[in-house]
Enquirer: 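Sharing a structure, written as structure tokens. Questions coming.
In what follows, chains carry the letters A, B, and so on, assigned in the order in which the sequence lines appear, proteins first and then strands, with residues in each chain numbered from 1.
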Amino acid sequence: MNTEQATPPQDANQIIAERRAKLAALRKQGVAFPNDFERKNLAADLHTAYDAMSHDELEAAQVSVAVAGRMMLKRVMGKASFATVQDMSGRIQLFVSNDNTGEEAHNAFKHYDLGDILGATGVLFKTKTNELSVRVTSLRLLTKALRPLPEKFHGLSDQEQKYRQRYLDLITNEDARRVFAIRSKTIQAIREFFIRHDYLEVETPMMHSIPGGASAKPFVTHHNALDMQMYLRIAPELYLKRLVVGGMEKVFEINRNFRNEGLSTRHNPEFTMIEFYEAYRDYRYLMDFTESLFREVAHKVLGTTALTYQGRELDLGHPFHRLTMVQAIRKYHPQFTDAQLHDRAFLISELEDLKAKYKPEDGIGGLQLSLFEELAEHQLFEPTFIVDYPIEVSPLARSSDTRPEITERFELFMVGREIANGFSELNDPEDQEARFDAQVVAKEAGDEEAMFKDNDYIRALEYGLPPTAGEGIGIDRLVMLLTDSASIRDVILFPQMRPEV
RNA sequence: GGGACGUUAGCUCAGCCGGUAGAGCAGCGGACUUUUAAUCCGUUGGUCGCCAGUUCGAAUCUGGCACGUCCUACCA
């Protein structure tokens, strides 16, 4: 309750003014916002249980129900009316009439508005067109809606309004409800998968004094009592590995990361990832594990591993491709030879021709990565693990025992974008310290995304991190895939927007 | 950051060569006891995103600004 209620604002809008007048009349009659209606049935449950029954069977059964929901459609025909109410499960039709509901209640109903929340009790029946409905014997207005709903047929179509007023999107668009139901089920399926594999779910700090675990620009904030600068985390990685040092040999965390970078259809400043770590495993195990995770999630959430994304089909049931960066480049550009792609001068001249961004000081691996991102990444539609990442872009990954310039790392691409990133963890504290020091040099040279040195993390490694494999999976992008959503904003309930004018 | 497009009633949208604002839904009034986006009759409702400019006259043309969507760049 706030004080604004005492002086209702003058509504320029006529519809809202009329609804306020109706609410004022309700207040005079008694409790305007009653909370004693006992809802006993959900629409979908009733359809499941009784849709198959014939008109006569249903009449004989005399099923009494109590339903509640928001009135989405209303058809008044003099002495009888129909209303369609929507609850969390779906919709069901109400039949309101002078004969069954009473003339007084029916006349009151005629002044109810679309968007009002109703509670109805009555008996199930089938209409002439065989639609399961409630023959209402008692009808109550539980919550008056002061603002009119979007148009009943087209719903809300303005993208901005869908994002800013997600509640309206959810009320009026079946697809929005579907997407967020799938999101919830996806996270549930992931959680079940890890718990079944004896993982422990943990929460590590979201406010870091030293941001780490990824190459990204952090959000900066300030803690007053401690008078210290803090950062919203860019990744939970270093904390999760501290837990593995502590003996939590299988841990995962599903939560938000924050990166102070651009917004796009694939980037929101806060996004949800699962990161998980398992001791005594390596990156090869992770790839197999990831494949089975994706298959299980798709199966549990959609009932199938065959997906359509933006008009193209892919099947998570098929084995995921595994390619090195050079193989991936050659797959789409067979004119390049293996030798060329290992030739520094050639790589640089190609990158120059493509006007691609690259760091001239990079080694072969870094240049290959730049070329890969330019020429191949966006074409990797089917699930593909890209392996053999250069050490200079992987400061937390274990280097290969046979080829020290690359790491035991993969990234998983699907529908042309990165979905997951995993590697055998670097557990050599002296190597890690040297890599941090190299990052610090890069940061001092102006690389805003270079990592900070985290001395406590080094100290933890000095106590001994068992050989461990770890991975992060972008939940939002996975949900985009499972819901066939083109924009990350369609799978985040309240995507970041500029303040409303 | 760069580019394209958009912003008209609560919602979905028309509005041509510049002449002073339209429809459907929602609302209000009326008819109608099995409707399905119910139907039929009548009717209320607008600072045309904002600010300038051109013009006798701007929703319409020009410039700027704001916000948004998409593409692109950075990134996961």
Enquirer: For A:Tyr285, what residues pass the ring-ring contact (aromatic ring centres under 6.0 Å, His included) criterion, not counting sequence neighbours?
Expert: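 ring-ring contact (aromatic ring centres under 6.0 Å, His included) check on A:Tyr285 returns A:Phe289.
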
Enquirer: What integer number of Å spans the C1' atoms of B:C71 and B:A26?
Expert: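 Those two atoms are separated by 36 Å.
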
Enquirer: Categorize A:Arg489 for me: base, sugar-phosphate, or nothing, with a 4.0 angstrom heavy-atom threshold over every strand shown.
Expert: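 The answer is sugar-phosphate, as A:Arg489 gets under 4.0 Å only of primed atoms, P, OP1 or OP2.
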
Enquirer: For a quick test of reading the model: is some side-chain N or O of A:Lys152 closer than 4.0 Å to OP1 or OP2 of B:A26?
Expert: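 Yes, A:Lys152 has a side-chain N/O under 4.0 Å of OP1/OP2 on B:A26.
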
Enquirer: How does protein contact run along nucleotides 27-35 of chain B, one letter per nucleotide 5' to 3', with B for base contact, S for sugar-phosphate only, - for none, heavy atoms under 4.0 Å?
Expert: SSS--BBBB

Enquirer: Taking atom C1' in both B:G46 and B:A9, compute the distance separating them and give it to the nearest angstrom.
Expert: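 Result for the C1' pair: 6 Å, nearest Å.
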
Enquirer: So A:Asn421, base contact, sugar-phosphate only, or nothing? Heavy-atom distance under 4.0 Å.
Expert: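 Counting heavy atoms under 4.0 Å across all strands, no contact is made by A:Asn421.
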
Enquirer: Please, which pairs that meet salt bridge (Lys or Arg N to Asp or Glu O under 4.0 Å) have at least one residue in residues 151-163 of chain A, sequence neighbours excluded?
Expert: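 Every salt bridge (Lys or Arg N to Asp or Glu O under 4.0 Å) pair that includes a residue of residues 151-163 of chain A, provided the two are not neighbours, is A:Glu160-A:Arg164, A:Lys162-A:Asp169.
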
Enquirer: Using heavy atoms to find the nearest nucleotide of RNA chain B for A:Asn130 and A:Glu418 separately, return the residue whose nucleotide is more 5′.
Expert: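 The residue closer to the strand's 5' end, by nearest nucleotide, is A:Asn130.
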
Enquirer: Does anything in residues 47-74 of chain A form a salt bridge (Lys or Arg N to Asp or Glu O under 4.0 Å)? List the pairs, not counting sequence neighbours.
Expert: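 Only A:Glu59-A:Arg135 qualify under salt bridge (Lys or Arg N to Asp or Glu O under 4.0 Å).
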
Enquirer: Does A:Ser394 have any side-chain contact (heavy atoms from CB on, under 4.5 Å) partners at least two apart in sequence or in another chain, and if so, which?
Expert: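 With neighbours one apart ignored, the set is A:Tyr389, A:Ala397, A:Thr407, A:Arg409.
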
Enquirer: Identify the nucleotide, in any strand shown, that forms a Watson-Crick or G-U wobble pair with B:C16, with both distances under 3.5 Å; if there is none, say none.
Expert: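 Answer to the pairing question: none, since B:C16 forms no Watson-Crick or G-U pair.
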
Enquirer: Heavy-atom count check: over 12 atoms from other residues, nucleotides or ligands less than 6.0 Å from A:Glu448 CD?
Expert: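 Counting neighbours around CD of A:Glu448, 12 or fewer heavy atoms of other residues, nucleotides or ligands fall under 6.0 Å, so no.
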
Enquirer: Counting any heavy atom closer than 4.0 Å, what does A:Leu263 reach on the DNA or RNA strands: base, sugar-phosphate only, or nothing?
Expert: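 A:Leu263: base contact, heavy atoms under 4.0 Å.
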
Enquirer: Heavy atoms only, 4.0 Å cut-off, all strands: where does A:Thr265 land among base, sugar-phosphate and nothing?
Expert: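 Here A:Thr265 touches the backbone only, sparing every base.
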
Enquirer: Expressed as a whole number of Å, how far does the C1' atom of B:G29 sit from that of B:C67?
Expert: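 Going atom to atom, C1' in each nucleotide, I get 39 Å.
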
Enquirer: Might you list the N or O atoms of the protein lying below 3.5 Å from N or O atoms in nucleotides 4-6 of chain B, with each pair's distance?
Expert:
none

Enquirer: For B:G57 and B:G19, measure between their P atoms and round to the nearest Å.
Expert: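 Between the two P atoms, the distance is 14 Å.
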
Enquirer: Quick one, A:Phe194 with A:Ile254, criterion side-chain contact (heavy atoms from CB on, under 4.5 Å). Give me CA distance, side-chain angles, the key distance, then yes/no.
Expert: CA-CA 11 Å; A:Phe194 281 93; A:Ile254 299 175; over 6 Å; no

Enquirer: Please table the atom pairs, donor to acceptor, closer than 3.5 Å between any side-chain atom in residues 81-89 of chain A and protein atoms at least two apart or in another chain.
Expert:
| unit_1 | atom_1 | unit_2 | atom_2 | d |
| --- | --- | --- | --- | --- |
| A:Ser81 | OG | A:His106 | NE2 | 2.6 |
| A:Gln86 | OE1 | A:Arg91 | NE | 2.8 |
| A:Gln86 | OE1 | A:Arg91 | NH2 | 3.1 |
| A:Gln86 | NE2 | A:Ile171 | O | 2.9 |
| A:Asp87 | OD1 | A:Ser89 | N | 2.7 |
| A:Asp87 | OD1 | A:Ser89 | OG | 2.7 |
| A:Asp87 | OD1 | A:Gly90 | N | 3.0 |
| A:Asp87 | OD2 | A:Ala43 | N | 2.8 |
| A:Ser89 | OG | A:Ala43 | N | 3.2 |
| A:Ser89 | OG | A:Ala44 | N | 2.8 |

Enquirer: Report yes if at least one side-chain N or O of A:Arg164 is closer than 4.0 Å to OP1 or OP2 of B:C67; otherwise report no.
Expert: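 Checking B:C67 against A:Arg164, no side-chain N or O comes under 4.0 Å of OP1 or OP2.
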
Enquirer: Under 4.0 Å between any heavy atoms, over every strand shown, what does A:Asn260 touch: base, sugar-phosphate, or nothing? Just pick one.
Expert: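 Here A:Asn260 touches no strand at all.
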
Enquirer: With rounding to the closest Å, how many angstrom separate the C1' atoms on B:C56 and B:G6?
Expert: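 Per the computed distance, 32 Å lies between those C1' atoms.
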
Enquirer: What is the distance, rounded to the nearest whole Å, between atom CG of A:Asp490 and atom P of B:C70?
Expert: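 Result: 8 Å.
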
Enquirer: For A:Met480 and B:A76, give me the distance from atom CE to atom C1', rounded to whole Å.
Expert: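 Checked: the CE to C1' distance equals 11 Å.
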
Enquirer: Under 3.5 Å, is there a donor on one side chain and an acceptor on the other for A:Arg233 and A:Thr204?
Expert: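 There is such a pair (donor and acceptor under 3.5 Å, judged by atom type) between the side chains of A:Arg233 and A:Thr204.
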
Enquirer: Take atom P in B:C70 and the same atom in B:C50, then report the distance between them in whole Å.
Expert: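 Per the computed distance, 24 Å lies between those P atoms.
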
Enquirer: Measure from CG on A:Asp476 to C1' on B:A76 and round the result to the nearest Å.
Expert: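 Whole-Å distance recorded here is 9 Å.
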
Enquirer: Find the partner of B:A59: check Watson-Crick (N1-N3 plus N6-O4 or O6-N4) and G-U wobble (N1-O2, O6-N3) distances, both under 3.5 Å, and reply none if neither fits.
Expert: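 Its partner: none found.
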
Enquirer: Rounded to the Å, how far apart are A:Ile488 CD1 and B:U69 C1'?
Expert: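 For the pair A:Ile488 CD1 and B:U69 C1', the rounded distance is 16 Å.
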
Enquirer: Could you give the distance separating B:U8 and B:C16 at their P atoms, to the nearest angstrom?
Expert: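 Per the computed distance, 16 Å lies between those P atoms.
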
Enquirer: Rounded to the nearest angstrom, tell me the gap between atom CZ in A:Arg266 and atom C1' in B:A73.
Expert: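 Nearest whole value for this atom pair: 11 Å.
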
Enquirer: Using purine N1 to pyrimidine N3 plus N6-O4 or O6-N4 for Watson-Crick, or N1-O2 and O6-N3 for G-U wobble, each under 3.5 Å, what pairs with B:G45?
Expert: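 Pair assignment: B:G45 / none.
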
Enquirer: Say you pick atom P in B:C40 and the same atom in B:C25; how far apart are they, in whole Å?
Expert: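 B:C40 and B:C25 have their P atoms separated by 8 Å.
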
Enquirer: So what does A:Leu73 hit on the nucleic acid, given a heavy-atom distance under 4.0 Å: a base, only sugar-phosphate, or nothing?
Expert: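 Result for A:Leu73 = sugar-phosphate.
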
Enquirer: Paired with B:U39: which nucleotide, if any, by Watson-Crick or G-U wobble criteria at under 3.5 Å for both distances?
Expert: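 B:U39 is paired with B:A31.
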
Enquirer: Within the 3.5 Å criterion, strictly below it, is a donor on A:Arg489 or A:Asn268 matched to an acceptor on the partner's side chain?
Expert: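 Looking only at side-chain atoms, A:Asn268 and A:Arg489 do not form any donor-acceptor pair under 3.5 Å.
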
Enquirer: Let's test this: given Watson-Crick or G-U wobble pairing with both distances under 3.5 Å, identify the partner of B:G10.
Expert: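 Checking every strand shown, B:G10 finds its partner in B:C25, with both distances under 3.5 Å.
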
Enquirer: Does A:Phe258 have any ring-ring contact (aromatic ring centres under 6.0 Å, His included) partners at least two apart in sequence or in another chain, and if so, which?
Expert: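 Testing A:Phe258 for ring-ring contact (aromatic ring centres under 6.0 Å, His included), a comparison that skips the adjacent residues, returns none.
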
Enquirer: Quickly work out the A:Asp158 CG to B:C25 C1' distance and round it to whole Å.
Expert: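 Rounded to whole Å, this separation is 17 Å.
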
Enquirer: Phosphate oxygens OP1/OP2 of B:C74: is one of them under 4.0 Å from a side-chain N or O of A:Ser264?
Expert: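 No, A:Ser264 has no side-chain N/O under 4.0 Å of OP1/OP2 on B:C74.
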
Enquirer: Take atom CD of A:Glu448 and atom P of B:A73, then tell me their distance rounded to the nearest Å.
Expert: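 After rounding, the gap between these two atoms is 20 Å.
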
Enquirer: If anything within 90° of 0 is syn and all else is anti, what is B:C48?
Expert: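 With its glycosidic angle more than 90° from zero, B:C48 counts as anti.
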
Enquirer: Output all residues satisfying salt bridge (Lys or Arg N to Asp or Glu O under 4.0 Å) with A:Lys126, sequence neighbours left out; order by chain, then residue number.
Expert: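 None.
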
Enquirer: Which nucleotide, in any strand shown, forms a Watson-Crick or G-U wobble pair with B:C5, with both distances under 3.5 Å?
Expert: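 B:G68 - that is the nucleotide pairing with B:C5, both distances being under 3.5 Å.
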
Enquirer: Are the side chain of A:Ser485 and the backbone N or O of A:Leu481 linked by a donor-acceptor pair below 3.5 Å?
Expert: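 Checking the backbone N and O of A:Leu481 against the side chain of A:Ser485, no donor-acceptor pair under 3.5 Å is found.
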
Enquirer: Atom CZ of A:Arg147 and atom P of B:C11: how far apart are they, to the nearest Å?
Expert: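 Going from A:Arg147 (CZ) to B:C11 (P), I get 10 Å.
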
Enquirer: What's A:Gly115 touching, base or sugar-phosphate or nothing? Going by heavy atoms closer than 4.0 Å.
Expert: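 Here A:Gly115 touches no strand at all.
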
